[in-house]
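If you're wondering where the values come from, they're calculated on a predicted model, not measured in any experiment. Chain A is the first sequence line, chain B the second, and so forth, proteins listed ahead of strands; every chain is numbered from 1. Below, all heavy atoms of this structure are taken into account, side chains as well, without hydrogens, waters or symmetry copies.
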Amino acid sequence: MSNYFDKRDFPVFERYKGLVYLDNSATQQKPAAVLERAERYYREENANPLRGLYELSVKATDAYENAREAVRAFIGAKTVREIVFSRNATESLNLIAYSWGRANIKEGDEILVAISEHHSDLLPWQILCKEKGAELKYLECDEEGRYTAEGLRAALSPRTKLFAIAQISNVFGRLNPIKKFTQICHDNGTLIVCDGAQSVPHTAVDVQQLGVDFLVFSGHKMLGPMGIGVLYGKEELLEAMPPFLYGGEMIDTVTRCGASFAELPHKFEAGTVNAGGAAGLHAAIDYINELGFEEIERRENELTKLAFEEMQAIPHVNIIGAKEWQEHHGILTFTVEGVHPHDIAAIFDAENVAIRAGHHCAQPLHQFLRVASTARMSLAFYNDEEDIRRFIGVLGTLRRKMGYDG
Amino acid sequence: MTDNFYGEVLTDHNLHPLHKHDLPTATCCHEGVNSTCGDDIVLNLEIKDGIIVNGSYTGSGCAISQASADIMLELVIGKGLEEARHLNELFNKMIHGEINDDELEELEEAGALQNVSKMPARVKCAMLGWRTMETLLDSEGGAP
């Protein structure tokens, strides 16, 4: 292995020397270029965007709207009217559920959700169904996390209005065949919501190629600041949807007894927006584009392969999901026989290795898999071979540290 | 957190618990749950004339929650309710980093959990057994 990234672009690793950060599915670290761009916005361009009639406000508006154009190009949307900024993927999903859902879901309708979904792509639908008297159904996977076209066809009914699934599961790391699933849904008259929180940071995503009706993702999981996320929706769908939040910057005219609302995408962006966050996300997209997904995937795949193969060689370690490293996309969820995942994480922490433990916001999946909780390492292109070696080193001695003979 | 956090006392009580079993003679029992962690224990106490004459727990959870419950029972079995309450208070103080050396000595093996005070995420694990006992003492044992 060669040509590994030396983390020099990431200030956190200067402050925490020797930190092995393997919780990238939860949030990624930020390159200096992103931090500097967000700071520069506040130092040099800050005013309330979208309404000011003076130079600084025009600059702020430009920073914000240029970021929207960068997002549009990044995911291949037709127009910036299809790009709505939110706080994160969770808020984007809630926007769809509150706005589209409350206008379109009726008693007796069905919503289909993949069993491996993150709570953020489950609860909005669960609540919506309860409110409307609709039925929430689950698409189940096999024990390796695989969903099939046949399974999807069988789970859809004439009443299924919407199907929600992540492109990459945050537990399995498996890439789902979204394009195929979209065709199946559309043949059935069903809309598809794709949670791209774990895929957009790691692989090139093109919404027109996938054909999905909605795509959501978070800036902070792709090198960007926290508090800025994206909702992509097909223009005709967004156009027909009522606003989600009401307030400033989303209106056209307001009178004592009514209001008309702003055009897309501003209709969905009530209140003063996160222009600094958007500028930071723009810098994150530039950074990713400069590196290129070919290079990002090459690095992440090499590291995934190394970690997967070394983990498989350690007794009592069980990897959740696929038995081939190619299906994991940098996410390796695992258990160690006889050791509770929180103890696993604590032992890693003692060695300055950051991993996640718990249910990863996917409790129904853990119930389905019949495990109480799991541990997860998730990597990014800025990890290196040494990170994986240190991770494996701790994993190999973990049971002995907990008092087992081996 | 130090490297030897999971010392022998903790791993021993976790892997070879002294009090993890059913207790048919129990006079009261209570379930304690940390839902975010999945820690789940049932604590059984046999209280006679104001004395905890026997105790046990069943359930599952992380090493800290399990060992802490086991160590707690080892400490309070044979003690009066007031003494058990006192030890519970000391344990609370220790976990919140407010204990002195004399008090620490009273906690005997439970002192092995002192470092939890530096790990906020694990405080509720260490407290689970104790919190469950406190509920039992307040209800079944009569409020102080």
Any salt bridge between B:R122 and A:D349, counting N to O under 4.0 Å? no
Gap between atom NZ of B:K124 and atom NE2 of A:H342 - 0.5 Å precision: 6.5 Å
Taking side chain as everything from C-beta outward and backbone as N, CA, C, O, which of these in B:L15 sits under 4.5 Å from a heavy atom of chain A? Side chain, backbone, both or neither. side chain
Closest non-hydrogen atom pair between B:M119 and A:A346, with its separation: CE-CB, 4.2 Å
How about [X]: does its [atom1] atom have over 12 heavy atoms from other parts shown lying under 6.0 Å from it?
{"X": "A:R390", "atom1": "CZ", "value": "yes"}
{"X": "A:E143", "atom1": "CD", "value": "no"}
{"X": "B:D101", "atom1": "CG", "value": "no"}
{"X": "A:Q367", "atom1": "CD", "value": "yes"}

Side chains of B:Y6 and A:M402: closer than 4.5 Å at any heavy-atom pair? yes
Please check: side-chain N/O of A:D343 versus main-chain N/O of B:A63, any donor-acceptor pairing under 3.5 Å? yes
Steps toward side-chain contact (heavy atoms from CB on, under 4.5 Å) verdict (B:D39, A:H340): CA-CA 10 Å; B:D39 298 336; A:H340 190 282; 3.8 Å; yes
